[in-house]
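What follows is one structure encoded as structure tokens, with my remarks underneath.
Only this structure's heavy atoms are used, side chains among them; waters, hydrogens and symmetry mates stay out.
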Amino acid sequence: MPKNIIEIDSVNRLINNNNVVIAGGGGGIPVLKSEGGNIKGVSAVIDKDRSSALLADNIVADKLIILTAVEYVYMNYGKSDQEALQEIDSKQAKDLIQEKQFATGSMLPKIEACLDFVTQGKDREAIITSLENLDDALAGKTGTIIKK
């Protein structure tokens, strides 16, 4: 799990100067800081969805968008009774996690990252959708919205 974004001051400066910032690709580079303050690379995999949520929290974003291969998050994904989730709150999301509705290496980390984000601030929402549906999702026409 990512603990912090080391370059957050630089990211914020770039944002404040109206730059488009691309950061945290693939979850970021795993490092540890020694007692002396030196940064050293370590062998690890950082969850990209959690890194995105942490970055969004650190820049005080009001919306987190996670793009994936599907238009919606689904209950009973891939089954005959599959159901698209258009909007859920954090309690519903937690209940669905308990029901094991989301695959561990697929949708679960995305839902958990969205929950982290929306519950850490006021008036936040997260959207999960596909790249090709992003414009419609931003217009509220598609995608899964997760709210506090």
Legend entry - From CG (N58) to CG (D9), nearest 0.5 Å: 9.5 Å
Legend entry - Validation row: T68, M107 side chains within 4.5 angstrom (heavy atoms): yes
Inset, instruction - With rounding to the nearest 0.5 Å, note down the distance linking CG in D89 to CD in E125. - result: 13.0 Å
Legend entry - Min side-chain heavy-atom separation Q101-N76 under 4.5 Å: yes
Legend entry - Value rounded to 0.5 Å, distance of CD in E99 from CD in Q92: 10.5 Å
Inset, instruction - Kindly work out whether a path of hydrophobic side-chain contacts (I/L/V/M/F/W/Y, heavy atoms less than 4.5 Å apart) joins I29 to I6. - result: yes
Legend entry - Reported OG-to-NZ distance for the pair S51 and K3, which is rounded to 0.5 angstrom: 11.5 Å
Inset, instruction - Would you confirm whether T144, through its side chain, and L85, through its main-chain N or O, come within 3.5 Å as a donor-acceptor pair? - result: yes
Legend entry - Reported CG-to-NZ distance for the pair D123 and K147, which is rounded to 0.5 angstrom: 9.5 Å
Inset, instruction - Check whether any side-chain heavy atom of I97 lies under 4.5 Å from a side-chain heavy atom of L108, and answer yes or no. - result: yes
Legend entry - Check ion pair D95-K91 (N to O, under 4.0 angstrom): yes
Inset, instruction - Write down the atom of P30, the atom of A44, and the distance for their closest heavy-atom approach. - result: CG-O, 3.4 Å
Legend entry - Side chain proximity check, L64 to R124, heavy atoms < 4.5 angstrom: no
Legend entry - Point-to-point distance, once rounded to the nearest 0.5 Å, from CG of D116 to CZ of R50: 4.5 Å
Inset, instruction - Please work out whether the ring planes of Y74 and Y77 are parallel, tilted or perpendicular, with thresholds of 30° and 60°. - result: tilted
Inset, instruction - Just jot down the side-chain contact (heavy atoms from CB on, under 4.5 Å) partners of L67, sequence neighbours excluded, or say none. - result: I65, T129, L131, L134
Legend entry - Partner of I88 by side-chain contact (heavy atoms from CB on, under 4.5 Å), out of L115, I146, I145: I146
Legend entry - Criterion side-chain contact (heavy atoms from CB on, under 4.5 Å) against I59, the qualifying member of I5, L54, N12: N12
Inset, instruction - Search all heavy atoms of A93 against all heavy atoms of F102 and return the closest pair with its distance. - result: O-CE1, 4.2 Å
Inset, instruction - For residues K110 and V73, determine if any side-chain heavy atom of one lies less than 4.5 Å from a side-chain heavy atom of the other. - result: no
Legend entry - Minimal non-hydrogen separation, P2 against I46, with atom names: CB-CG2, 3.9 Å
Legend entry - N/O donor-acceptor pair under 3.5 Å between Q120 side chain and F117 backbone: no
Inset, instruction - Indicate yes or no: at least one non-hydrogen side-chain atom of I127 is less than 4.5 angstrom from one of K63. - result: yes
Legend entry - Heavy-atom closest contact (P109 atom, T104 atom, distance): CD-O, 3.1 Å
Inset, instruction - Flag the pair L55 / I8 as yes when at least one side-chain heavy-atom distance between them is below 4.5 Å, and no otherwise. - result: yes
Inset, instruction - Return yes when atom NZ of K48 has more than 12 non-hydrogen atoms of other residues, nucleotides or ligands closer than 6.0 Å, and no otherwise. - result: no
Inset, instruction - Can you see which heavy atom on V11 is nearest to which on A23, and at what distance? - result: CG2-CB, 4.5 Å
Legend entry - Expected output: side-chain N19 to main-chain V21 donor-acceptor under 3.5 Å: no
